[in-house]
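Working notes, beginning with the structure itself.
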2 protein chains.
Amino acid sequence: MIWVAFFMLSVFKIDSYLYFMNSILIAHIRKSIDLNDSEAEMVLSYFDQQTIRKKTLLLEEGHICNKQYFILKGCLRSYIINAKGNEQTLQFGIESWWVTDYMSFQNQNASHFFIQAIENSEVLSISKTALEELLSQLPKLERYFKLTLQKSFGAAQMRIKYLFTMTAEERYHHFNDSFPDFVQRVPQYMLASYLDFSPEFMSKIRAGKI
Amino acid sequence: MIWVAFFMLSVFKIDSYLYFMNSILIAHIRKSIDLNDSEAEMVLSYFDQQTIRKKTLLLEEGHICNKQYFILKGCLRSYIINAKGNEQTLQFGIESWWVTDYMSFQNQNASHFFIQAIENSEVLSISKTALEELLSQLPKLERYFKLTLQKSFGAAQMRIKYLFTMTAEERYHHFNDSFPDFVQRVPQYMLASYLDFSPEFMSKIRAGKI
DNA sequence: TGATTTTCTTGAAGTAGATTAAGTTTTTTG
DNA sequence: CAAAAAACTTAATCTACTTCAAGAAAATCA
């Protein structure tokens with residue numbers, strides 16, 4: 001009876017905006033594996049929801065990456081600062097993407113990357129210890145993370161292929177055609193660095209002067 | 001008693017070269033998760049061992065990738081052919097590395113890549129259906145594959161970082177310093193394409209004429 | 001072993017895209 | 001709303017590489 005009352009309480013909470021946002025993660029997991037409602041509740045209990053203002057750094061180069069972030073709303077990027085002091089974007093993440101430095105997270109050593117919010121964002125974060133506990137409680141989640149990583153690795157492979165085979169102009173048009181909405185969301189200079197050319201060159205491509 | 005006899009048989013088999021080679025995979029898995037001897041036997045029963053001659057293609061662009069390969073001995077690479085008809089190496093794999101096109105394997109659609117042996121090699125291969133069956137028999141292997149992918153993705157991220165931040169000459173010296181033995185094993189023109197510059201330029205770097 | 005194929009080298013000429021620097025437009029902030 | 005900061009544009013100059021072409025060396029094959 002006590003349990004039922006507790007459950008009712010949590011059903012009320014379900015109606016809140018907060019729960020709606022969290023359910024994005026559950027929906028995402030359910031695309032890969034089955035999860036009943038009590039398992040879903042358990043999963044969420046291991047995460048913290050954070051509201052992050054644009055430009056906030058979630059990870060700095062040289063620090064240990066101790067969170068994995070799942071984006072509920074907004075946009076994050078990972079980037080490095082090169083020898084000339086310019087930022088170069090390695091990865092963008094939007095709604096339903098995971099962003100982290102897996103190597104630093106896994107091995108608990110210094111990260112090579114920065115992770116930053118480039119829009120006001122809502123994320124779910126989980127620490128290494130919390131994730132390990134969750135995975136030992138619910139081992140079938142390993143499969144979900146495996147599938148997520150498979151997708152990420154596949155994307156990284158294609159990225160390298162594009163960097164190798166396309167000219168700067170081709171990469172720009174290809175990205176534009178593939179993600180027309182996303183292009184509106186990020187500053188051009190960040191996209192230029194992601195596509196590995198200078199912001200000035202991007203201006204020229206856009207102006208059709210190439 | 002029948003079971004004991006069967007077990008003895010398999011112990012004898014253990015002594016063979018074939019079993020020794022296979023045990024490389026088991027040893028690799030055991031770095032990530034626990035596996036008792038009967039589980040290990042079961043894992044191996046899902047794999048085929050193949051001897052592959054240098055230059056043999058294991059996957060061609062446009063075909064569906066229906067195997068994952070674990071390298072027991074030798075060296076594989078994945079590559080593409082660019083618009084000018086030149087091969088560009090995306091990845092090398094040596095002993096204890098997995099090589100496959102995860103996207104094509106997972107989604108059963110046309111691959112963008114070639115996979116080729118660049119030395120006479122011994123590999124263990126597993127088909128998608130066999131892998132799925134194995135994973136449902138032994139779900140804890142999901143964790144092993146997750147950790148493998150985490151490593152691969154981390155390596156791909158670092159690769160992109162190096163492509164972004166280093167000059168051709170720096171990339172060459174960095175690779176040389178990191179993998180001095182491996183450099184001896186592959187033709188220079190393949191390494192040049194992997195590092196994203198021309199074979200002619202590599203000659204000049206090596207001759208110190210840069 | 002000699003013949004063939006594959007890989008590596010060298011130098012001259014060309015180019016995709018970087019750099020620099022200054023000005024303009026847009027966005028954010030108090 | 002004005003002021004400051006962030007983002008974008010333009011044009012001139014420069015350079016890290018590519019491309020081309022031809023020959024030399026090394027590896028493989030019959």
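Letters A, B, ... are given to chains in the order of the sequence lines, protein chains preceding strands, and every chain is numbered from 1. Computation of the quantities below employed the complete heavy-atom set of this structure, encompassing side-chain atoms and omitting hydrogens, waters and symmetry-equivalent molecules.
For B:F197, counting side-chain heavy atoms from C-beta on, the closest listed nucleotide (D:dC17, D:dT10, C:dT9) is D:dC17. Which of C:dC8, D:dC8, C:dA18 sits closest to the side chain of A:Q188 comes down to D:dC8. Distances from the side chain of B:S203 to the nucleotides C:dA12, D:dC17, C:dT9 place C:dT9 closest. Comparing atom distances between the B:Y189 side chain and each of C:dG17, C:dC8, D:dC17 picks out C:dC8 as nearest.
The distance between atom CG of A:L163 and atom P of C:dG17, rounded to the nearest whole Å, is 12 Å. In this structure, the CG atom of A:D196 is 10 Å from the C1' atom of C:dG17, given to the nearest Å. Residue A:Q184 contributes atom CD, which lies 11 Å from atom P of D:dC8 at whole-angstrom precision. Taking atom CD1 of A:I205 as the reference point, atom P of D:dT10 lies 13 Å away to the nearest angstrom. B:E200 places its CD atom 12 Å from the P atom of D:dA21, with the value rounded to the nearest Å. Rounded to whole Å, atom C1' of D:dA16 lies 18 Å from atom OH of B:Y172. Distance NZ (A:K55) to C1' (D:dA6): 6 Å, rounded to an integer number of Å. Regarding A:R53, its CZ atom lies at a distance of 10 Å from the C1' atom of C:dT28, rounded to whole Å.
The aromatic rings of A:F153 and B:Y102 lie perpendicular to each other, with more than 60° between the two planes, well past the 30° mark.
Here the two rings, on B:F175 and B:Y162, have centers that are 6.0 Å apart or farther. Checked against a 6.0 Å centroid threshold, the rings of A:F92 and A:W97 do not count as neighbours.
Where A:M166 and B:P187 meet DNA chain C, the nucleotide closest to each residue was compared, and B:P187 sits on the side nearer the 5' end.
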Between B:Y79 and B:F113, is the ring pair (Phe, Tyr, Trp, His ring centres under 6.0 Å) condition met? List the steps. CA-CA 6 Å; B:Y79 69 94; B:F113 312 121; 9.8 Å; no
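In terms of phosphate contacts, A:R206 brings no side-chain nitrogen or oxygen within less than 4.0 Å of OP1 or OP2 of D:dC8. The shortest distance between the side-chain N/O atoms of A:K204 and the OP1/OP2 oxygens of C:dA16 is not below 4.0 Å.
Atom CG of residue B:N66 and atom OG of residue B:S127 lie 8.0 Å apart, to the nearest 0.5 angstrom.
Figure legend: cation-pi geometry between A:R159 and A:Y194, with NZ or CZ positioned under 6.0 Å from the six-membered ring centre and within 45° of its axis.
Under a 4.0 Å N-O distance rule, the pair A:R77/A:E87 qualifies as a salt bridge.
Using a 4.0 Å cutoff on non-hydrogen atoms, no part of residues 75-93 of chain A comes near DNA chain D.
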